[in-house]
Amino acid sequence: MNTPPTILRDLSCADDYDPNSMPVPKAREVIARFLSPIATMERVAVRAALGRVLAEDVISPLDVPSHDNSAMDGYALRFADLKADGKTTLKMTGSSFAGVPFKGSLAAGQTVRIMTGGVVPAGADTIVMQEHADAKDGQITIGGGHKQGQHLRRAGEDLQKGQPALRKGQPVRPAEIGLIASLGIAEVSVYRKLRVAFFSTGDELVSIGSALGEGQIYDSNRYTLYGMLQRLDCEIVDMGVVRDDPKLLEAAFREAATIADVVITSGGVSVGEADFVKTLLNELGEVVFWKIAMKPGRPLAYGKIGNAHFFGLPGNPVSVMVTFYQFVRDALLKLAGRDPIEPLPTFRVPCTSTLKKAPGRTEFQRGILSRDNAGNMSVRVTGEQGSGILRSMSEANCFIILPTEQGNVTPGTLVEVQVMESVI
Ligand code: AMP
Ligand code: MG
């Protein structure tokens, strides 16, 4: 009959493995073991690379800057000409403006008017700011106190020809497309987009456009999932709502696994319903079901169906978002080739609310971070924290992350927050 899946078999050997109370970090670590980036890459134009992940190092074809140039508006000169004490007068022999260099080289006793970005003429080794020079009748007079090489940007100082300007695994953001363009590079190699298929499960679910019958609710998870996946720049396949019927579910899982790199479902992983999904997935692939020691978002399934990675998220709308951000997001980034994946930034601020919290699990309460008139940040909780209340996610601008051992929180206590804009 059902042989225990190899993922499960390997895991259950670990001393601290408890599928009924998986700590958040442990679940992350286990999932990470099974992820390797998609191998396919494609060449795209610089602008089209925005939001993608570099699949190869970008090697600089030039020195940056390409010439020694001036960091200031002023005068280029030979340091050796300057008197150690007292004033020096030099003869102006030309100019070097950005894009219009001085032709020829500087002889002893000469200077060239130079603007920021202007190429430093041959022979010159120092720039004196215009504020430190008096210009009169084709000559300039300069006082003491200058250093050799000052205000001069050396060729190759930022980047040398042949060196990697950007590394494989780097996400391409506005700074990166600018940097790539600054090297004169028109096309880069990026990983292909991750293909993610998802569907909602539940007999009670109705899609928008249909009227609600008794006991029915609108499917919101497919919309939040759509939004979260869009933000991660995935290619999305929305497979709609699938009834709690083993035959329909089996067909949906099989189809999803053939068309996508990742399959995400919501609902049907909690006690009771999980049983037939579990049986089904054990036949189709290798899937582990965990009760994560967290709130919201306790039930979670992870595994492989064929070559596709599978995430079975809980049904409650807030749980879907929390489990997505705490587990799926990093997994998708890793599959999409991101390297390294930096942990989402968190910081500590005083909490002005009283928070109910039982030790033994990590909680992700929804918070509102604000700044008072004196400039001090604090956080308060959004109202009711039920895992079905999607409004709590909409009102919040941060998660308040309460660690396993934490009990109730009294006002004034420092708590860890994760700003949602940095998450989504
Ligand atoms: P389940 O995990 O399937 O038992 O679902 C847990 C709760 O989440 C139930 O109240 C479901 O009605 C609700 N739920 C499940 N899927 C969705 C969905 N796609 N949109 C909104 N609520 C859902
Ligand atoms: Mg259900």
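Quick note: residue numbers are just sequence positions, from 1. Note that ligands are numbered from 1 as they come in the structure, with each ligand's atoms numbered from 1 the same way.
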Visitor: Hey, does Gly202 sit under 4.0 Å from ligand 1 if you only count heavy atoms?
Guide: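 Contact absent.
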Visitor: Any idea which part of Val241 is under 4.0 Å from ligand 1, heavy-atom wise: side chain, backbone, both or neither?
Guide: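 Answer for Val241: neither.
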Visitor: What orientation do Tyr302 and Phe311 show, parallel under 30°, tilted 30 to 60°, or perpendicular over 60°?
Guide: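 Tyr302 vs Phe311 ring planes: tilted.
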Visitor: So that I can tick it off, tell me whether Glu250 and Lys247 are bridged by a salt bridge, with the cut-off set at under 4.0 angstrom between side-chain N and carboxylate O.
Guide: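 No.
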Visitor: Here's one to test your reading of the geometry: is the NZ or CZ of Arg366 within 45 degrees of the ring axis of Phe399 and under 6.0 Å from its centre?
Guide: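 No cation-pi geometry.
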Visitor: In the protein, what heavy atom is nearest to atom 1 (P) of ligand 1, and what distance, to one decimal place, separates them?
Guide: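 Looking at atom 1 (P) of ligand 1, the protein heavy atom closest to it is Glu273 OE1, 3.4 Å.
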Visitor: Which is it for Glu204 and ligand 1 at heavy atoms under 4.0 Å: side chain, backbone, both or neither?
Guide: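 Side chain only.
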Visitor: Looking at Gly267, is its backbone amide N or carbonyl O close enough to the side chain of Thr201 to form a donor-acceptor pair, meaning the two atoms are under 3.5 Å apart?
Guide: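 Here the side-chain-to-backbone pair exists.
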Visitor: Under 4.0 Å from any heavy atom of Ser220, which atoms of ligand 1 are there?
Guide: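 Checking each atom against Ser220, I get 20 (N), 21 (C).
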Visitor: For Gly118, is there any backbone N or O sitting under 3.5 Å from a side-chain donor or acceptor partner on Ser96?
Guide: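 No; judged by distance alone, with no hydrogens or angles, the pair does not exist.
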Visitor: Using a 4.0 Å cut-off to any heavy atom of Asp219, which atoms of ligand 1 qualify?
Guide: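 Answer, ordered by atom number: 18 (C), 19 (N), 20 (N).
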Visitor: Counting only N and O atoms by type, is there a donor-acceptor contact under 3.5 Å from the side chain of Asn397 to the main-chain atoms of Leu369?
Guide: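 Indeed, once roles are kept as given, a pair shorter than 3.5 Å links the two residues.
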Visitor: For Asn221, is at least one N or O under 3.5 Å away from an N or O on ligand 1?
Guide: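 Indeed, backbone or side chain, Asn221 has an N or O that close.
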Visitor: Would you check if the distance from the ring center of Phe253 to the ring center of Phe310 is below 6.0 Å?
Guide: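 Yes.
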Visitor: Show me which atoms of ligand 1 lie under 4.0 Å from any heavy atom of Ile217.
Guide: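 Every atom of ligand 1 under 4.0 Å from some heavy atom of Ile217: 12 (O), 21 (C), 22 (N), 23 (C).
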Visitor: Would you say ligand 1 has an N or O under 3.5 Å from any N or O of Gly315?
Guide: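 Yes, since at least one N or O of Gly315 sits under 3.5 Å from an N or O of ligand 1.
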Visitor: Any carboxylate oxygen within less than 4.0 angstrom of a Lys/Arg side-chain nitrogen, looking at Asp57 and Lys168?
Guide: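 Here Asp57 does not pair with Lys168 in a salt bridge, since their nearest N and O are not under 4.0 Å apart.
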Visitor: As an exercise, identify every atom of ligand 1 less than 4.0 angstrom from a heavy atom of Ser200.
Guide: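 Listed by number with element: 19 (N).
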Visitor: Is there at least one pair of N or O atoms, one from Gly268 and one from ligand 1, spaced under 3.5 Å apart?
Guide: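 Yes, there is a polar N/O contact under 3.5 Å.
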Visitor: Sort out for me which residue in Arg192, Arg52, Lys193 forms a salt bridge (charged side-chain N to carboxylate O under 4.0 Å, His left out) with Glu42.
Guide: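 One option only clears the test, and that one is Arg52.
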Visitor: Specify the protein heavy atom at minimum distance from atom 7 (C) of ligand 1: its residue, its atom name, and the distance to 0.1 Å.
Guide: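 Going atom by atom, the protein heavy atom closest to atom 7 (C) of ligand 1 ends up being Asn316 OD1, 3.4 Å.
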Visitor: Go through ligand 1 atom by atom and flag the ones less than 4.0 Å from a non-hydrogen atom of Tyr218.
Guide: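 With Tyr218 as reference, the close atoms of ligand 1 come out as 20 (N), 21 (C).
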